[in-house]
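Down below is the structure, laid out as structure tokens.
Excluded from the calculations below are hydrogen atoms, water molecules and symmetry mates; all remaining heavy atoms, backbone and side chain alike, are included.
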Amino acid sequence: MKTSLFLIFSLSLTVGCSKPVKKESNQDLVQKFNQMQDTAAAIYQKETINDQSSSQHFLNMLDENHSLGVKMIEASKYFLSMEFQHWTNSKTTHTFKTLDAMFEDSALDFTRRMMDLNKILDLEDMNPINHEKKHSNEIAFYALAATMDDKLGSLSFYELTKRSLIKDLNGKTLLGYEETLLSGVNKEIMIELIKARVDILATLALNDLKNEKEISLGQKSKNLIKKMFGGKDESGAHGYLSKINSSTKTGILKNLEGALAAKNFLIELGIDKDLHKKLKKAYANIDFNEKDAQNQPDKSDKIESIRIAINNLLE
């Protein structure tokens, strides 16, 4: 902020020193003061944005050498770098753009980038469990789907997208950024992102459900479930889950509920979304021993909430 302070000080001197020479009116002085505030606000916006430009974060997210985790970090930074994320109330801070204009800039940037990515993807043949380099673009798409709800302020890009789709469904007049998000192929991309969100959040939950030392997500779902819940000393899923610490259970539940929320939103739009077939098979094979009263989960534990969320996802 040193640059900001120096610039403000310099402008202040300019305003102060001009009075005896130019005999400027109070109106001129107010105008210069407002310009000074605008300049300071612009510099503040620039300096509070993430260390790299949103463009660079998007490119980093596409890097085939990055894993899903790293791609999710870069995708999150991309969404957090959007200008509207750094907007402050215009009553207290002067800005060069309205909030709607910032939404429009973000919508244009995102849709133009996604059109290029969409050209090289087969959205109907994607698999959230494939994490090899050759599936780098698919992983990038899933990373965007998983993080599009990340936000600094009161609104996320995900919320802007949902707001646009609901208004479109109800036949309401769309604002500029809403038209941009839903024009042509963009609408299809937005819907596919939300579908992908269901699968990737369910995948992240399954990733935390597995035994890291014995299996990997890439294994066939049948073997995955057999190794997770087939041990002699386990009482099915409840026995396995009871050994997972509370924070991990919280993370599992958060991802399952996020996947379910995305699925329910699609239903609201009149779109049915089943879990990816491999995920569906994996989750369907989890046995919570519901027929065995002695092994019923503790109703006060997160295990019961996990069970309910999984059942709702499978419906």
Side-chain angles (χ1 to χ4, degrees), residues 68 72 75 110-111 114-115 117-119 121-130 135 137-149 156-172 174 178-179 181-209 217 220-222 224-225 237 252-288 290 304-315:
L68 172 63
M72 285 178 62
F110 184 76
T111 52
M114 292 308 294
M115 284 184 68
L117 185 58
N118 182 55
K119 291 176 183 177
L121 284 175
D122 183 353
L123 295 176
E124 295 182 359
D125 191 33
M126 289 174 45
N127 185 344
I129 296 178
N130 288 335
H135 301 292
N137 292 321
E138 289 183 16
I139 301 170
F141 193 86
Y142 282 120
L144 289 165
T147 59
M148 63 190 298
D149 63 328
S156 67
F157 192 78
Y158 185 41
E159 289 163 318
L160 294 181
T161 301
K162 291 196 296 181
R163 177 191 292 179
S164 304
L165 288 165
I166 288 296
K167 286 180 69 174
D168 182 60
L169 177 69
N170 294 325
K172 294 185 177 181
L174 301 180
E178 294 167 336
E179 289 185 345
L181 289 175
L182 303 185
S183 65
V185 72
N186 292 342
K187 181 177 179 179
E188 177 188 345
I189 294 173
M190 296 304 135
I191 291 173
E192 289 299 327
L193 272 169
I194 300 173
K195 288 181 179 179
R197 184 172 172 81
V198 177
D199 285 334
I200 191 58
L201 293 181
T203 300
L204 293 173
L206 186 61
N207 188 46
D208 283 337
L209 279 166
L217 261 180
K220 293 181 179 180
S221 56
K222 183 176 180 180
L224 178 94
I225 298 304
I252 292 169
L253 186 58
K254 179 182 178 182
N255 282 322
L256 288 173
E257 289 178 341
L260 187 59
K263 179 182 177 180
N264 288 338
F265 177 71
L266 289 168
I267 291 173
E268 189 177 349
L269 296 177
I271 301 170
D272 290 327
K273 165 59 184 167
D274 282 337
L275 279 177
H276 187 278
K277 59 185 179 181
K278 288 191 176 181
L279 289 172
K280 191 170 185 177
K281 185 175 182 180
Y283 276 116
N285 277 291
I286 297 179
D287 181 11
F288 283 90
E290 295 180 88
E304 175 65 3
S305 297
I306 290 172
R307 183 189 69 80
I308 292 171
I310 290 174
N311 286 343
N312 288 336
L313 272 175
L314 292 173
E315 287 182 354

[atom1] of [X] to [atom2] of [Y]: how many Å apart, nearest 0.5 Å?
X	Y	atom1	atom2	value
L260	E315	CG	CD	8.5 Å
E138	L123	CD	CG	9.0 Å
K281	L279	NZ	CG	12.5 Å
K280	L313	NZ	CG	10.5 Å

*Take M126 and D122, measure what side-chain contact (heavy atoms from CB on, under 4.5 Å) needs, and give me the verdict at the end.*
CA-CA 7 Å; M126 289 174 45; D122 183 353; 5.8 Å; no

Minimal non-hydrogen separation, [X] against [Y], with atom names:
X	Y	value
L144	A75	CD2-CB, 4.0 Å
I200	A146	CG2-CB, 3.8 Å
L275	L314	CD1-CD2, 4.1 Å
L206	A282	CD2-CB, 4.0 Å
I194	F265	CD1-CE2, 3.8 Å
A259	V198	CB-O, 3.4 Å

Min side-chain heavy-atom separation [X]-[Y] under 4.5 Å:
X	Y	answer
K187	D168	yes
N137	L117	yes
L181	N186	no
L204	Y142	no
E268	N264	no
Y283	L256	yes
I306	I310	yes
I191	L165	yes

*Starting from the C-alpha separation in whole Å, work towards a yes-or-no answer on side-chain contact (heavy atoms from CB on, under 4.5 Å) for L209 and I252.*
CA-CA 7 Å; L209 279 166; I252 292 169; 3.9 Å; yes

*Is it the case that R197 places NZ or CZ above or below the six-membered ring of Y158, under 6.0 angstrom from the centre and within 45 degrees of the axis?*
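Satisfied, under 6.0 Å and within 45°.
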
*Dump the intermediate steps for salt bridge (Lys or Arg N to Asp or Glu O under 4.0 Å) on K273 and D199, then the final yes or no.*
CA-CA 9 Å; K273 165 59 184 167; D199 285 334; 2.8 Å; yes

Between [X] and [Y], is there a side-chain N and carboxylate O pair less than 4.0 Å apart?
X	Y	result
K167	E178	yes
K195	E192	yes
K162	E159	no

*Among M148, M115, M190, find the one that has a side-chain contact (heavy atoms from CB on, under 4.5 Å) with F110.*
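Filter result, single survivor: M190.
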
Is a side-chain donor or acceptor of [X] paired with a backbone partner of [Y] at a separation under 3.5 angstrom?
X	Y	value
N207	T203	no
N118	M114	no
N127	I129	yes

